[in-house]
K.L.:
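Sharing a structure with you now.
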Amino acid sequence: MTTATTTRETAQGPASTRERDGGTAGSSGFSIGLVLLGGVYLILSPWVIQFTGTFGMAATNMISGIVLALFAAGCARSAGLRAVAWVIPVLGAWVIASPWVISRGRGLVPLDYPGMQELNTATWLSNVIAGAIVLVAGIALALSTRRHPAHR
């Protein structure tokens with residue numbers, strides 16, 4: 001009987017240590033993976049969707065993708081960084097809204113030049129789908145972080 005108890009405690013020991021040290025277990029690891037994939041896709045999207053002629057969209061997707069990939073890598077590595085996981089859904093919402101903001105808004109410094117291509121449907125759909133995935137994964141990560149805060 002003590003052997004079964006010891007085996008059970010041994011089986012639970014490393015998992016609880018991993019969760020206490022901030023390892024990515026369960027849904028938070030899946031969410032981090034989705035955010036990382038979304039970030040990498042956004043970095044590559046100007047060439048995948050072929051909208052490299054629209055500087056504003058290419059720049060915002062690449063910058064957003066780099067920030068998302070760095071956040072995902074940081075959240076996977078350090079449980080302390082998960083305290084600011086609320087930034088990920090905000091970036092997801094920006095990725096969704098950016099085609100409308102970039103193509104419609106002229107702002108103080110226009111990000112277009114004469115003869116610039118219009119955004120095509122693939123660009124709009126690409127950003128909305130990638131942004132929605134990042135938004136949902138970011139909300140899930142922020143909620144799981146709130147439920148299971150890191151122990152220091």
K.L.:
With a 4.5 Å limit on heavy-atom distance, are the side chains of Val95 and Val134 in contact?
P.N.:
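Val95 vs Val134: side chains apart.
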K.L.:
Taking atom CG of Leu37 and atom CG of Leu68, what is their separation to the nearest 0.5 Å?
P.N.:
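One gets 11.5 Å once the value is rounded to the nearest 0.5 Å.
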K.L.:
Let me check something: do Leu125 and Ile49 share a hydrophobic cluster, defined by ILVMFWY side-chain heavy atoms less than 4.5 Å apart, either directly or through other members?
P.N.:
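No, Leu125 does not connect to Ile49 through the hydrophobic network.
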K.L.:
Treat each ILVMFWY residue as a node, draw an edge where side-chain heavy atoms are under 4.5 Å apart, and state whether Val136 and Ile32 are in one component.
P.N.:
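Result: no, two separate clusters.
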K.L.:
Give the intermediate values and the outcome of side chain to side chain contact (heavy atoms under 4.5 Å, CB included) for residues Phe55 and Ile102.
P.N.:
CA-CA 10 Å; Phe55 174 75; Ile102 298 295; over 6 Å; no
K.L.:
Which residues pass the side-chain contact (heavy atoms from CB on, under 4.5 Å) test with Ile66, not counting sequence neighbours?
P.N.:
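For Ile66 the side-chain contact (heavy atoms from CB on, under 4.5 Å) partners, ignoring immediate neighbours, are Ile43, Leu70.
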K.L.:
To the nearest 0.5 Å, what is the distance between CH2 (Trp86) and CG (Leu91)?
P.N.:
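Interatomic distance, Trp86 CH2 to Leu91 CG, rounded to 0.5 Å: 9.5 Å.
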K.L.:
To the nearest 0.5 angstrom, please state how far the CD1 atom of Ile129 sits from the CD1 atom of Ile96.
P.N.:
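Interatomic distance, Ile129 CD1 to Ile96 CD1, rounded to 0.5 Å: 10.5 Å.
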K.L.:
The criterion is side-chain contact (heavy atoms from CB on, under 4.5 Å); which residues satisfy it with Ile139, sequence neighbours excluded?
P.N.:
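Applying side-chain contact (heavy atoms from CB on, under 4.5 Å) to Ile139 gives Pro89, Leu135, Leu143.
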K.L.:
Which pair of non-hydrogen atoms, one from Met62 and one from Pro46, has the smallest distance, and what is that distance?
P.N.:
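Reported closest heavy-atom pair: CG-CG, 4.1 Å.
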K.L.:
So which pairs with a foot in residues 125-141 pass side-chain hydrogen bond (donor to acceptor under 3.5 Å, both in side chains), sequence neighbours left out?
P.N.:
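Qualifying pairs, neighbours excluded: Tyr41-Ser126, Asn61-Asn127, Ser98-Asn127.
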K.L.:
For Trp94, does the CH2 atom have more than 12 heavy-atom neighbours from other residues, nucleotides or ligands under 6.0 Å away?
P.N.:
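Enclosed: over 12 neighbouring heavy atoms sit under 6.0 Å from CH2 of Trp94.
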K.L.:
Looking only at non-hydrogen atoms, find the nearest pair between Ala130 and Leu42 and report the distance.
P.N.:
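Minimum heavy-atom separation between Ala130 and Leu42: CB-CD2, 4.2 Å.
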K.L.:
Could you give the distance from SG (Cys75) to CD1 (Ile88), rounded to the nearest 0.5 Å?
P.N.:
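CD1 of Ile88 is found 4.5 Å from SG of Cys75.
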